[in-house]
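The structure appears right after this line, and notes come after that.
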Amino acid sequence: MTADWDSLQYDQAWLEEAIADEVNHDCDVQVGGKPTSMTPPAIDPVQLQQQLQQVRLQSMLFGELRGILERSNLGAGTEAAMTLGRQLIRERLSHLSPQQQKAVKVLLTPNHGSPPPEVNQLLCSLLNLGDWQSIAQSATDAIEARLLSQVTLNLPA
């Protein structure tokens with residue numbers, strides 16, 4: 001099966017094969033996709049609710065992290081710091097202490113409209129000093145790389 005991706009046209013052999021597949025399998029054949037006659041899997045409401053709460057929690061924590069980093073005025077290093085910070089937060093959320101689990105339940109209660117001040121406390125309990133140092137170092141490395149990409153150093157050999 002070959003296709004001309006510039007004109008989005010398939011060769012005749014591919015087209016005949018696709019039509020035969022549709023007839024033989026009683027479904028639509030899609031390039032790179034699954035037949036459309038398959039029913040999507042059912043969504044477990046409990047699991048969906050848990051995933052939504054996880055997304056909401058991460059959103060609050062990531063927003064707080066971004067605020068801290070922006071107040072720290074990291075400039076070109078902000079995105080590198082955010083990337084590492086997000087990774088560390090996701091790792092720490094999978095191993096919460098009982099106290100952190102209680103804090104998460106409080107944050108996820110429906111009566112909280114906007115992120116409460118406890119988000120900062122939870123964030124600071126999730127990330128330790130070593131994590132913050134790693135985040136700062138990632139920002140430093142990004143700033144250094146950006147600076148060095150802008151200059152040509154004529155160092156003696």
State, to 0.1 Å, how close L74 and A81 come at their nearest heavy-atom pair, and which atoms those are.
CD1-CB, 4.0 Å
Determine whether a donor-acceptor pair (N or O, by modelled atom type, separation under 3.5 Å) exists between the side chain of Q100 and the backbone of S125.
yes
Tell me, do L57 and L122 make a side-chain contact under 4.5 Å, heavy atoms counted?
yes
If I take atom CD from residue E91 and atom CG from residue D131, how far apart are they, to the nearest 0.5 angstrom?
8.5 Å
Same apolar cluster: L127 and F62, side chain cutoff 4.5 Å:
yes
Among residues at least two apart in sequence or on other chains, which ones pass salt bridge (charged side-chain N to carboxylate O under 4.0 Å, His left out) with E79?
R66
Side chains of L61 and Q58: closer than 4.5 Å at any heavy-atom pair?
no
For Q150 and R146, work out which heavy atoms get closest and say how close.
CG-O, 3.1 Å
Look only at the side chain of N120 and the backbone of P117, and say whether a donor-acceptor pair between them is shorter than 3.5 Å.
no
Flag yes if more than 12 heavy atoms outside Q99 fall under 6.0 Å of its CD atom; otherwise flag no.
no
When hydrophobic residues are tied together by side-chain contacts of less than 4.5 Å, even through go-betweens, does W132 share a cluster with I143?
no
Atom pair CG/CZ of L65 and R86 - distance to nearest 0.5 Å
8.0 Å
Do the non-hydrogen side-chain atoms of I135 and L69 ever get within less than 4.5 Å of each other?
yes
Nearest-0.5 Å distance that lies between atom NZ in K102 and atom OG in S97:
9.5 Å
Measure across E118 and L107 and return the closest heavy-atom pair with its distance rounded to 0.1 Å.
CB-CD2, 3.8 Å
Give a yes or no answer on whether the side chain of R56 reaches the backbone of L108 with a donor-acceptor pair at less than 3.5 Å.
yes
When the side chains of residues 41-55 are checked against the rest of the protein, which donor-acceptor pairs come out under 3.5 Å, sequence neighbours left out?
from: D44; atom 1: OD1; to: V46; atom 2: N; distance (Å): 3.4

Can you confirm whether L88 sits close enough to L126 that some side-chain heavy atom of one is under 4.5 Å from a side-chain heavy atom of the other?
no
Check whether any side-chain heavy atom of S138 sits under 4.5 Å from a side-chain heavy atom of T83, and report yes or no.
no
At what distance, to the nearest 0.5 angstrom, does CD of E70 lie from CD1 of I68?
11.0 Å
Return the minimal non-hydrogen interatomic distance between A80 and A142, and the atom names on each side.
CB-CB, 3.7 Å
